[in-house]
Amino acid sequence: MMSIDVQFIWKLPTVKESPLLLHYQAISNLLLPRVLFHAKHQIKFARFCTQRATPSTTPPDRTVATEFLINKCGLTAEDITKAFKNCSSVLNKSSHNLEEVLELLNGCGLTSPAQIRQVVLCNPRFFFYKSERNVKSKLSFFRTFMKEDDIAKLVITNARIFNDREEKLKSAILLLQRLGVEGDALSELVAKQPRLLVTSEENVVESFKQAESLGIRKGSKMFPIAMRAILGTEKGKIEQRLQCLRSSGFSEKQISDLLRRQSWILGISEEKLRRNLGFLVNFVELSLDDLVKYPSLLGYSLETRIIPRYRVLKALKSMQISNRGMHFPSIVYLTEQRFLAKYIDSNAESSVLWDIYYGGKDGKFISDSECVSGQKDFGKL
């Protein structure tokens, strides 16, 4: 057995070597060490590690910023590790802005640690902006056209908007004003759909035209929701969903009424629309006018809400329970707690109804015909 003793020496070129060789060796030998090996008894292998280092999951060192975020902003060490995993270096930056930024947030009505925590989780760099040039300046700009409550909503849910240049935000607001959105309507639109501030002018104009063509009035409560659905959906998908409603028998007026009541329907996939429509019309026997009146039925889960409650309703009717208060849309609209209290727990056959309801939610009592009902009369478009 032999061991290897490794020594590093630097070899310098000598004057006896040719000029060309001297030049080449001067570069290579000065940059790279020569290694001399001396053999000894017993081979000892160097402690090489071939394992990859795994990212640290331990909380960052307790810097001044870390202590501030934990003690005054409601974050835990785990929150900080997760939120700052891609920008942990900012925790070592100067912390003189922290108190100033917190005061600015308090001035917006965000005073609880839970609210401040949401801001940081949404935008970890928020407290590390220059308070005067960024946070204070942009808040002052938002106050020129937004209500304080709406500013608070914007900051707590979309703090990343502060990453964008103020000039860009101002241009976006001028565009919305040119499109006819002013006053409280503008304030509410920006609070609910800040994506409009960072979307291209062409897309904003096109989205406005599409929403108005559907009969959704600018300034209405449904307008921001419609804009969210339109901007968040691939081009052409909106028309496919409208075509799904038309092929199901809805008139243009019914579609317009439906969207004025619940514009988020534009965000429901065609498959979900077909399946819900099929079940509600074929099994529950609701009319299209009923669905226009109760459009939220199109958004509920067929498997976990609509079908289980429908089967409980059928069971109650088979037990000859009074039909009073058994209006199906109203039953679906109830919260889980109120539904259980009113239609299951208060009944003498509650154990049977529990099995029907929770079996239905697990899919055990849902027939194939119920699951494919959406394809019965409302097939592929």
Side-chain angles (χ1 to χ4, degrees), residues 241-251 253-381:
R241 288 162 192 177
L242 292 173
Q243 185 57 35
C244 177
L245 294 173
R246 293 184 189 109
S247 66
S248 301
F250 287 100
S251 67
K253 183 181 183 306
Q254 285 175 318
I255 291 174
S256 181
D257 291 342
L258 194 67
L259 296 178
R260 276 201 297 269
R261 286 186 171 93
Q262 296 292 353
S263 298
W264 52 261
I265 287 171
L266 292 170
I268 300 175
S269 69
E270 301 95 281
E271 181 186 359
K272 184 179 178 69
L273 280 174
R274 283 196 297 269
R275 296 181 75 241
N276 280 28
L277 281 167
F279 185 84
L280 292 167
V281 173
N282 294 330
F283 281 83
V284 186
E285 298 182 344
L286 296 178
S287 68
L288 296 182
D289 283 334
D290 290 330
L291 295 175
V292 171
K293 190 175 180 181
Y294 302 101
S296 293
L297 291 172
L298 299 177
Y300 286 121
S301 168
L302 195 63
E303 290 80 9
T304 63
R305 190 167 186 131
I306 295 176
I307 290 178
R309 296 192 184 193
Y310 169 72
R311 293 185 70 80
V312 168
L313 181 62
K314 281 186 68 176
L316 289 172
K317 287 181 178 178
S318 70
M319 296 173 188
Q320 298 182 342
I321 303 293
S322 171
N323 286 337
R324 291 183 61 187
M326 290 191 185
H327 180 238
F328 186 71
S330 300
I331 290 174
V332 176
Y333 280 16
L334 288 175
T335 63
E336 182 86 348
Q337 185 178 3
R338 291 189 63 190
F339 172 77
L340 293 175
K342 186 171 183 177
Y343 292 100
I344 294 183
D345 294 338
S346 62
N347 195 285
E349 301 292 337
S350 61
S351 60
V352 175
L353 294 172
W354 269 84
D355 287 341
I356 291 173
Y357 183 60
Y358 281 100
K361 285 178 76 96
D362 292 339
K364 294 175 184 174
F365 299 150
I366 298 176
S367 66
D368 290 340
S369 60
E370 288 173 329
C371 285
V372 300
S373 61
Q375 300 170 8
K376 184 176 178 181
D377 291 337
F378 303 97
K380 292 184 179 180
L381 301 177

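What you see below is based on every heavy atom in this structure, not just the backbone, and it leaves out hydrogens, waters and symmetry mates. Fair warning: this is a prediction, and the values are worked out from it, not measured in the lab.
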For this session: Determine, step by step, whether V292 and R261 satisfy the side chain to side chain contact (heavy atoms under 4.5 Å, CB included) criterion, reporting the C-alpha distance in whole Å, the side-chain angles of both residues, the deciding distance to 0.1 Å, and the verdict.
Result: CA-CA 8 Å; V292 171; R261 286 186 171 93; 3.3 Å; yes
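- Annotation: Y343 is not in aromatic contact with Y357 [ring centroid separation under 6.0 Å not met].
- With L297 as the partner, the side-chain contact (heavy atoms from CB on, under 4.5 Å) test is satisfied by one option alone out of L280, V284, N276: L280.
- Checked by atom type and distance alone, the side chain of S256 never pairs as donor or acceptor with a backbone atom of K253 at under 3.5 Å.
- Taking all atoms of both residues into account, the shortest heavy-atom contact from S296 to Q262 is OG-NE2, 3.6 Å.
- Contacts of T335 classified as side chain to side chain contact (heavy atoms under 4.5 Å, CB included), with partners at least two apart in sequence or in another chain: Q337, R338.
- Without hydrogens or angle criteria, D257 side chain to Q254 main chain gives no donor-acceptor distance under 3.5 Å.
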Exercise. Could you go step by step and tell me if L259 and L242 meet the side chain to side chain contact (heavy atoms under 4.5 Å, CB included) rule?
Worked result: CA-CA 10 Å; L259 296 178; L242 292 173; 4.0 Å; yes
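- Residues Y294 and H327 are in side-chain contact: their nearest non-hydrogen atoms beyond the backbone lie under 4.5 Å apart.
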Problem set entry | Derivation of the side chain to side chain contact (heavy atoms under 4.5 Å, CB included) call for L258 and L298 | CA-CA 10 Å; L258 194 67; L298 299 177; 4.2 Å; yes
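- Remark: E270 CD to S247 OG distance equals 10.0 Å, nearest 0.5 Å.
- For the atom pair S350 OG and D355 CG, the distance stands at 10.0 Å (nearest 0.5 Å).
- The CD1 atom of I356 sits 10.5 Å away from atom NZ of K314, with the distance rounded to the nearest 0.5 Å.
- Looking at heavy atoms from C-beta onward, I265 lies in side-chain contact with P295 at the 4.5 angstrom threshold.
- The line from CZ of R305 to CG of L334 is 8.0 Å long, rounded to the nearest 0.5 Å.
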For this session: Given side chain to side chain contact (heavy atoms under 4.5 Å, CB included), test F339 with V312 step by step and report yes or no.
Result: CA-CA 10 Å; F339 172 77; V312 168; 4.0 Å; yes
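- The OG1 atom of T304 sits 9.0 Å away from the CD atom of E336 when rounded to the nearest 0.5 Å.
- The shortest side-chain heavy-atom distance between F250 and L291 falls under the 4.5 Å cut-off.
- Shortest non-hydrogen contact noted between R246 and I255 is CG-CD1, 3.5 Å.
- With sequence neighbours left out, the ring-ring contact (aromatic ring centres under 6.0 Å, His included) criterion links W264 to no other residue.
- A donor-acceptor pair is defined here as one N or O able to donate and one able to accept, closer than 3.5 Å; such a pair exists between the side chain of Y310 and the backbone of F283.
- The two atoms that bring L353 and M319 nearest to each other are CD2-CE, 3.8 Å, heavy atoms only.
- Put simply, OG on S248 and CG on L288 are 7.5 Å apart, with the number rounded to the nearest 0.5 Å.
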